[in-house]
There are 2 protein chains.
Amino acid sequence: MAATEPPRRPTQRDIARRAGVSTATVSYVLSGRRGGAKPPPQETRERVMRAVAEIGYQIDHSARSLRRRRTDLVGLMYPAPSSPWSDRLAEQMQAAAAERGLAVVALPVSESTPSDALLRVLRERYVDGAILLPDCPLGGAELSALARQGLSLVVFDDELRPDGFDVVRQDRARSCRAAVERLVALGHRRIGYLAHPGESEWAPARSVKLHGYRRVLGEHGIGVDPDLVRPVADSRPDAYAAVRELLGRPDPPTALLSATDRAAIDAIWAARDLGAAVPEELAVIGIGNIPEGLVISPALTTVGAPVLDFSREVARLFARLESASPLPDAVLAAPWELIVRESG
Amino acid sequence: MAATEPPRRPTQRDIARRAGVSTATVSYVLSGRRGGAKPPPQETRERVMRAVAEIGYQIDHSARSLRRRRTDLVGLMYPAPSSPWSDRLAEQMQAAAAERGLAVVALPVSESTPSDALLRVLRERYVDGAILLPDCPLGGAELSALARQGLSLVVFDDELRPDGFDVVRQDRARSCRAAVERLVALGHRRIGYLAHPGESEWAPARSVKLHGYRRVLGEHGIGVDPDLVRPVADSRPDAYAAVRELLGRPDPPTALLSATDRAAIDAIWAARDLGAAVPEELAVIGIGNIPEGLVISPALTTVGAPVLDFSREVARLFARLESASPLPDAVLAAPWELIVRESG
DNA sequence: CTGAAAGCGCTTACAG
DNA sequence: CTGAAAGCGCTTACAG
């Protein structure tokens, strides 16, 4: 048996030997293309393909990439956990990539382990290009440097200036403020906030939600009651418990803004279970606009992208990837909106 | 300006030239290791590192991989959409990988575009190893072939025999049947099933849920009413609408098994909104055991892994990866369980 | 202590 | 129509 045989992947030399041709011919047959010249004749192709099948040859990605100066891989980087948005984008990228024979890898960056290894995937050219969802740990200078080295990049960010890479603007801060404005306009004065865990320590550019909450309250002369700001994990019993607790206070909030739709949904459950009518006794507005917000009753008022579609952004990445000369920088507008439904 | 300058990544030759050393020395300095010999002296190291910083050099992944015969990349393949389970596994893999200086890429395979390009990531050695969650589109023969070529593989599958790769057994079929058994034992005769879209066309090995549902009903002499089997998309208004419709029938189901916890949760919402008491008037059991099942009230009875932890599986992948000689095949038991809470 | 050289597995202009 | 050869950017045994 071959049990202890050292694993060696067959190479094009093995194919060439077996088919009685040169490695050049093997390569021509496998790639199907060949400069300007005609492809090898049918007979030769068959001999090569037979050898490939018999040996079970698979091309070596590293060698091909080194030689061709491209990896045929694109990445999607996003802060973990995944969401319907990152899932959808991955799916759309994959469809577009498949048409071109490229593969897509997802690069979830965990809050807990902001792995340097993950950034190396971009820096060391594991991929030819990438789409970066908001709040990935890369600064403008670094992105420019990557772009200058030929990496194709489409970056979701509301502040960065494009510089060799494209930027997608969502105006998240504006629409988060609109949500708080709405609650204030509805007459609410005690407005709670379900924060991302650790959000209060984030850089300002990242904590647009908390920042907008504070700012709008301030503008209306409403002080921020720190007791009404609760960090809760995404989609966990935390939010439910926090809302139970908030509603049990002597001076409970009458409205809640939540950094995530999932926590907002948990909040609605909690309110319903406690017999607090939503939105009459507790108005709830989420952030993110995930599809589940449509299912709960009352339907979730939220802030987010109006449609679950990234065709433009995906098209832009591939346009950059395929363009012979560097494309001019683009700014794509994909603004978030306040989506008023029933809960607030 | 360098706007039209063709992007060229600097190489170790550029560093060598600038630092006045050979490329061998650059490589030694950068890698920090050097066969048995001592590393270059401090002064040389500094010169090299200075040149690296000034030029903004980043190593080329393809070239390094080709030479070292390893990519320092591991993959996590799973059927899209992502779930708390795939997220958690990605996070645990990433933590373990980061300790070793490796990166993790996620490989979500979409039902709609079962991309050949994605399989190439495994076949063509983009990665050194991978963990495959259940229902990835790779057969036993193919997995064995990949393993024989030296790919390290840990595969979640209830049927496959390990063969150069390790297998994690969850016994999903058994525990799905246990869920139906429970409903029958509770006296239910009209038991509906919220299926994965397209599940009835899946291969038997993949449709363990539907199959278990049918089989147990058959064993108890309960005919399967096709009207009670509804395909619904994961986490979408579908499930909510389907349950509304089912409960409006003249002969509504008194119990529901759902292929996903999310749809089960939607079902509970729908029942509550219609004033049907859960579990008294409609018992609901989900499959998957996602954390959200704990939040809804009544808490979701479900089937799934009892704890959100993949340390053993992750450790096993890295053991394979790091072992000089091929490890003997392992079968890890990580059985799903019926987790009885309140909803059914 | 350092560098010249070979070679990883491909691709591709080029010569025959 | 086909093959010999150079070279992509690294690493590493080896010679000096």
**Student:** Mind calculating the distance between OH (A:Y57) and P (C:dC10) to the nearest angstrom?
**Tutor:**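 Rounded to the whole Å, the gap is 3 Å.
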**Student:** With nearest nucleotides of DNA chain C determined for B:R67 and B:S22 from heavy-atom distances, which residue corresponds to the more 5′ nucleotide?
**Tutor:**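 In this pair, the answer is B:S22.
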**Student:** Looking at D:dC10, I'd like to know if its phosphate oxygens (OP1 or OP2) sit under 4.0 Å from a side-chain N or O belonging to B:Y28.
**Tutor:**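 No, B:Y28 has no side-chain N/O under 4.0 Å of OP1/OP2 on D:dC10.
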**Student:** Over 60° means perpendicular and under 30° means parallel, so classify the ring planes of B:H61 and A:Y126, tilted if in between.
**Tutor:**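 A:Y126 vs B:H61 ring planes: parallel.
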**Student:** Round to a whole Å and report the spacing from CZ of A:R68 to C1' of C:dA13.
**Tutor:**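 Taking atom C1' of C:dA13 as the reference, CZ of A:R68 is at 15 Å.
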**Student:** Does D:dG3 have its OP1 or OP2 closer than 4.0 Å to a side-chain nitrogen or oxygen of A:T25?
**Tutor:**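 Indeed, a polar side-chain atom of A:T25 lies that close.
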**Student:** Expressed as a whole number of angstroms, how long is the span from B:I15:CD1 to C:dG3:P?
**Tutor:**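 Going from B:I15 (CD1) to C:dG3 (P), I get 15 Å.
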**Student:** Nearest-Å distance, CZ (A:R125) to C1' (D:dC10)?
**Tutor:**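 These atoms are roughly 16 Å apart.
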**Student:** Answer yes if the side chains of A:D157 and A:Q170 hold a donor-acceptor pair under 3.5 Å, and no otherwise.
**Tutor:**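 The criterion, which ignores hydrogens and geometry beyond distance, is not satisfied for A:Q170 and A:D157.
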**Student:** Rounded to the Å, how far apart are A:R17 CZ and C:dG9 C1'?
**Tutor:**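 Distance, rounded to whole Å: 13 Å.
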**Student:** Less than 4.0 angstrom from a charged side-chain N to a carboxylate O is my criterion; do B:D158 and B:R169 meet it?
**Tutor:**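 A salt bridge is absent here (no side-chain N lies under 4.0 Å from a carboxylate O).
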**Student:** May I ask you to verify if any side-chain N or O of A:T11 is less than 4.0 angstrom from the OP1 or OP2 atom of C:dG9?
**Tutor:**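 False: A:T11 side-chain N/O out of range (4.0 Å or more) of C:dG9 OP1/OP2.
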**Student:** Using a heavy-atom cut-off of under 4.0 Å over every strand shown, decide if B:S62 touches base, sugar-phosphate, or nothing.
**Tutor:**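 It contacts nothing in the nucleic acid.
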**Student:** Looking across every strand, which nucleic acid part, if any, lies under 4.0 Å from B:S27 by heavy atom: base, sugar-phosphate, or nothing?
**Tutor:**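 If one applies the 4.0 Å heavy-atom cut-off, B:S27 turns out to touch a base.
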**Student:** Out of D:dG9, C:dC1, D:dT11, which has the shortest distance to the side chain of B:P41?
**Tutor:**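 Output: C:dC1.
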**Student:** By the 4.0 Å heavy-atom rule, please label A:T44 as base, sugar-phosphate, or nothing.
**Tutor:**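 Touches sugar-phosphate only.
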**Student:** Partner lookup for D:dA15, please. Criteria are Watson-Crick or G-U wobble with both distances under 3.5 angstrom; report none if nothing qualifies.
**Tutor:**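 Because both required distances fall under 3.5 Å, D:dA15 counts as paired with C:dT2.
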**Student:** Got a salt bridge between B:D60 and A:R125, using NZ or NE/NH1/NH2 to carboxylate O under 4.0 Å?
**Tutor:**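 Salt bridge: no.
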**Student:** If I take atom CZ in residue B:R47 and atom P in nucleotide C:dG3, what distance separates them, rounded to the nearest angstrom?
**Tutor:**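 So the two atoms are 8 Å apart, to the nearest Å.
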**Student:** Using a cut-off of less than 4.0 Å, is there contact between a side-chain N or O of A:R69 and OP1 or OP2 of D:dG9?
**Tutor:**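 Yes, such a contact exists.
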**Student:** B:Q12 CD to D:dC8 C1': how many Å, rounded?
**Tutor:**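 Nearest whole value for this atom pair: 13 Å.
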**Student:** Please report, rounded to the nearest Å, how far the P atom of C:dA5 is from the CZ atom of B:R13.
**Tutor:**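 These atoms are roughly 14 Å apart.
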**Student:** When you measure from the side chain of B:A24, which nucleotide among C:dT12, C:dA5, D:dC10 comes out closest?
**Tutor:**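 So the side chain of B:A24 is nearest to C:dA5.
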**Student:** Salt bridge check, B:R8 against B:D14: does any charged N sit closer than 4.0 Å to a carboxylate O?
**Tutor:**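 A salt bridge is present here (some side-chain N lies under 4.0 Å from a carboxylate O).
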